[in-house]
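All remarks here apply to the structure that follows.
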Amino acid sequence: MDARLNLFGNPLLGTFLKHINSAGKAVTDSALPAATQELVKLRASQINGCGFCTDMHTKEAAKAGETSTRLNLVAVWREATVFTDAERAALELAEQGTRIADAAGGVTDEAWANAAKHYDEEQLAALVAIIAIINTYNRLNVIVQQPAGDYQPGQFG
């Protein structure tokens with residue numbers, strides 16, 4: 001399977017991705033826990049059917065020490081006992097922020113209030129930003145049918 005467009009070789013997309021990566025660096029460097037960042041990126045990627053990002057963030061999380069049990073249960077986090085209350089709040093926010101079109105009103109006040117119980121304003125800003133960024137990446141990859149399975153941890157820096 002080949003991608004419809006070369007995301008990494010196309011000059012316009014290369015410039016676009018450079019800017020998205022810069023935005024992502026601000027989140028990576030934030031006080032939002034790295035494990036939470038990867039769980040959120042993985043869950044949004046699963047919802048969006050982005051094989052490339054699901055592959056990437058599963059492998060990056062594993063390399064960073066995430067357990068296979070937790071990674072295998074991200075898709076069913078509501079029924080899993082392996083996530084903290086804070087992680088569960090972040091996963092709920094990620095799901096609602098990813099499925100905006102599926103629910104009138106988008107993210108509920110309850111989901112926001114629950115996240116705000118566990119994260120300060122900077123961390124909430126980082127959560128909102130990482131949800132927006134991963135959804136952008138998911139859409140790019142799904143539209144061009146970016147193949148999944150060959151990602152190597154650290155491949156992009």
Side-chain angles (χ1 to χ4, degrees), residues 3 7 17 20-21 23-157:
L7 292 178
L17 290 171
I20 294 175
N21 288 339
K25 178 97 169 80
V27 177
T28 301
D29 294 344
S30 75
L32 184 64
T36 301
Q37 292 182 39
E38 289 299 330
L39 293 173
V40 163
K41 289 185 276 190
L42 177 56
R43 184 64 190 125
S45 299
Q46 291 170 334
I47 292 167
N48 288 323
C50 182
F52 186 84
C53 289
T54 298
D55 181 40
M56 172 192 278
H57 296 296
T58 299
K59 289 175 179 174
E60 288 292 348
K63 181 181 178 195
E66 193 60 74
T67 68
S68 60
T69 298
R70 284 170 42 97
L71 291 174
N72 291 333
L73 292 173
V74 167
V76 293
W77 63 268
R78 282 179 183 80
E79 294 81 20
T81 60
V82 296
F83 300 105
T84 68
D85 289 343
E87 289 167 338
R88 297 169 75 72
L91 289 165
E92 177 68 17
L93 191 63
E95 283 194 5
Q96 289 190 17
T98 297
R99 294 182 170 165
I100 289 174
D102 295 345
V107 174
T108 64
D109 290 338
E110 293 80 11
W112 183 262
N114 191 31
K117 285 191 319 192
H118 300 284
Y119 299 101
D120 64 25
E121 188 169 321
E122 179 188 341
Q123 291 170 318
L124 284 170
L127 266 172
V128 169
I130 200 71
I131 293 164
I133 290 167
I134 193 59
N135 275 280
T136 299
Y137 271 116
N138 292 164
R139 280 149 179 78
L140 283 168
N141 287 320
V142 170
I143 291 167
V144 304
Q145 295 182 342
Q146 190 67 31
D150 295 331
Y151 180 79
Q152 297 299 313
Q155 181 174 325
F156 296 121

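Residue numbers run from 1 in the order of the sequence given. Values reported hereafter were calculated over all heavy atoms of this structure, with side chains retained and with hydrogens, waters and symmetry mates removed. Since the model is a prediction, treat every value here as computed from it, not as a measurement.
One distance of note links CG of L140 with CD of Q146; it measures 9.5 Å at 0.5 Å rounding. Taken to the nearest 0.5 Å, the CG atom of L32 stands 4.5 Å off from the CG atom of L127. Atom CD1 of I131 and atom CG of L93 lie 4.0 Å apart (nearest 0.5 Å). To the nearest 0.5 Å, the span separating OG1 on T108 from CG on N114 amounts to 9.0 Å. The CD atom of Q96 sits 10.0 Å away from the CD1 atom of I47 when rounded to the nearest 0.5 Å. Residue T28 holds its OG1 atom at 6.0 Å from CD1 of I130, rounded to the nearest 0.5 Å.
For residues 113-122, no pair satisfies salt bridge (charged side-chain N to carboxylate O under 4.0 Å, His left out), with sequence neighbours left out. Residue pairs meeting the side-chain hydrogen bond (donor to acceptor under 3.5 Å, both in side chains) criterion with at least one partner in residues 31-45, sequence neighbours excluded, are E38-K41, E38-H57, R43-Q46, R43-E95, S45-N138. Residue pairs meeting the side-chain hydrogen bond (donor to acceptor under 3.5 Å, both in side chains) criterion with at least one member in residues 148-157, sequence neighbours excluded: E60-Y151.
Residue L17 comes nearest to L7 through the heavy atom pair CD1-O, 3.3 Å, listed as atom of the first residue, atom of the second, then distance. Closest of all the heavy-atom pairs between A44 and N135 is CB-ND2, 4.3 Å. When all heavy atoms of R70 and F83 are compared, the pair lying nearest together is O-CZ, 3.4 Å. Among all heavy-atom pairs drawn from G49 and V142, the shortest one is O-CG2, 3.8 Å. For A126 against S30, the heavy-atom pair with the smallest separation is CB-OG, 3.4 Å. Scanning all heavy atoms of the two residues, the minimum distance from T58 to T54 falls at OG1-O, 2.7 Å.
Under the 4.5 Å side-chain criterion, counting only non-hydrogen atoms from C-beta, V76 is in contact with L73.
In this structure N21 satisfies the side-chain hydrogen bond (donor to acceptor under 3.5 Å, both in side chains) test together with Y137, sequence neighbours excluded. Under the salt bridge (Lys or Arg N to Asp or Glu O under 4.0 Å) criterion, K63 pairs with no residue at all, not counting sequence neighbours. Applying the side-chain hydrogen bond (donor to acceptor under 3.5 Å, both in side chains) rule to W112 yields no partners; only residues at least two apart in sequence or on another chain are considered.
No donor-acceptor pair closer than 3.5 Å links the side chain of K59 to the backbone N or O of G154.
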Exercise. Given R78 and E92, is the side-chain contact (heavy atoms from CB on, under 4.5 Å) satisfied, shown in steps?
Worked result: CA-CA 9 Å; R78 282 179 183 80; E92 177 68 17; 2.8 Å; yes
